[in-house]
Amino acid sequence: MHRSNIRIMKMDRNNRTVLMRALYADFCANREAGLPNNHLADFIRKLHEIPPGKLPLDDAEFRLARNSLNHLRNERIAAGGYTDAADAALLKLIRAKPPLWLFG
């Protein structure tokens, strides 16, 4: 993993919970469809082990998180529910920036 491909998402407990819920929903959907889940399982495990604060994401994890949150948001819209939590987590994810490397 090259340093320039890493983004840092500022994550509180609520964003972490919503992201885990979105990833798990995609994990279950892939499992039912018979699709591979290794990448989702690894990301869920990483997210579970990291305490709220700053979440480092490579490009693949960023895309997984973005797509999962977008799927959750679309499901909530279709069900006529609120999307506030998914919107907040998606906004935090989109605002994720590469870290500032002073040396190297």
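Please read these numbers as outputs of a predicted model, since none were measured by experiment.
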Undergrad: Identify the heavy atoms of Arg13 and Pro52 that sit nearest to each other, and give their distance.
TA: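 So the two residues come closest at CG-CG, 3.7 Å.
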Undergrad: What are the two closest heavy atoms between Val18 and Ala86, and how far apart are they?
TA: CG1-CA, 4.0 Å
Undergrad: Starting at CG of Asn67, measure out to CG of Leu40 and round the result to the nearest 0.5 Å.
TA: 10.0 Å
Undergrad: Measure the CG-CG distance between Asn30 and Asn37 for me, rounded to the nearest 0.5 Å.
TA: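 Taking CG in Asn30 and CG in Asn37, the distance rounds to 5.0 Å.
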Undergrad: Do any pairs count as a salt bridge (Lys or Arg N to Asp or Glu O under 4.0 Å) and have a residue in residues 19-35, sequence neighbours left out, and if so which ones?
TA: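 Found none.
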Undergrad: Do the side chains of Pro98 and Asn5 get nearer than 4.5 Å, heavy atoms only?
TA: no
Undergrad: Check whether any side-chain heavy atom of Leu55 sits under 4.5 Å from a side-chain heavy atom of Leu19, and report yes or no.
TA: yes
Undergrad: Hey, is the main chain of Leu47 close enough, under 3.5 Å, to the side chain of Arg16 for a donor-acceptor pair?
TA: yes
Undergrad: Could you state the interatomic distance from CG (Leu57) to CZ (Arg63), rounded to the nearest 0.5 Å?
TA: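 Taking CG in Leu57 and CZ in Arg63, the distance rounds to 11.5 Å.
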Undergrad: As an exercise, state the distance from CD1 of Ile44 to NE2 of His39, rounded to the nearest 0.5 Å.
TA: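 Between Ile44 CD1 and His39 NE2, I get 9.5 Å after rounding to 0.5 Å.
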Undergrad: Do NZ/NE/NH1/NH2 and the carboxylate oxygens of Lys46 and Glu61 come within less than 4.0 Å?
TA: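 Result for this pair is yes, salt bridge flagged.
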Undergrad: Tell me whether Ile77 shares a hydrophobic cluster with Ile94, the cluster being built from Ile, Leu, Val, Met, Phe, Trp, Tyr side chains joined at under 4.5 Å.
TA: no
Undergrad: If you measure from CG on Asn74 to OG1 on Thr83, what distance do you get to the nearest 0.5 Å?
TA: 9.5 Å
Undergrad: With sequence neighbours left out, what residues match Asp12 under side chain to side chain donor-acceptor pair (under 3.5 Å)?
TA: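 Checked Asp12 against side chain to side chain donor-acceptor pair (under 3.5 Å); matches are Asn15.
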Undergrad: Any donor and acceptor pair, going by atom type alone, linking the side chain of Arg76 with main-chain N or O of Tyr82 inside 3.5 Å?
TA: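 Yes.
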Undergrad: List the atom of Ala22, the atom of Ser68, and the distance in Å for their closest heavy-atom pair.
TA: CB-O, 3.5 Å
Undergrad: Inspect the surroundings of CZ in Phe62 and state if more than 12 heavy atoms from other residues, nucleotides or ligands are less than 6.0 Å away.
TA: yes
Undergrad: Measuring from Ile50:CD1 to Met9:CE, what's the distance to the nearest 0.5 Å?
TA: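 If we round to the nearest 0.5 Å, Ile50:CD1 and Met9:CE are 11.5 Å apart.
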Undergrad: Out of curiosity, does Leu35 fall in the hydrophobic cluster containing Tyr24 (side-chain heavy atoms, cut-off under 4.5 Å, transitive links)?
TA: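 In one cluster: no.
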Undergrad: Going by the salt bridge (Lys or Arg N to Asp or Glu O under 4.0 Å) test, which pairs reach into residues 78-92, not counting sequence neighbours?
TA: Arg73-Asp87
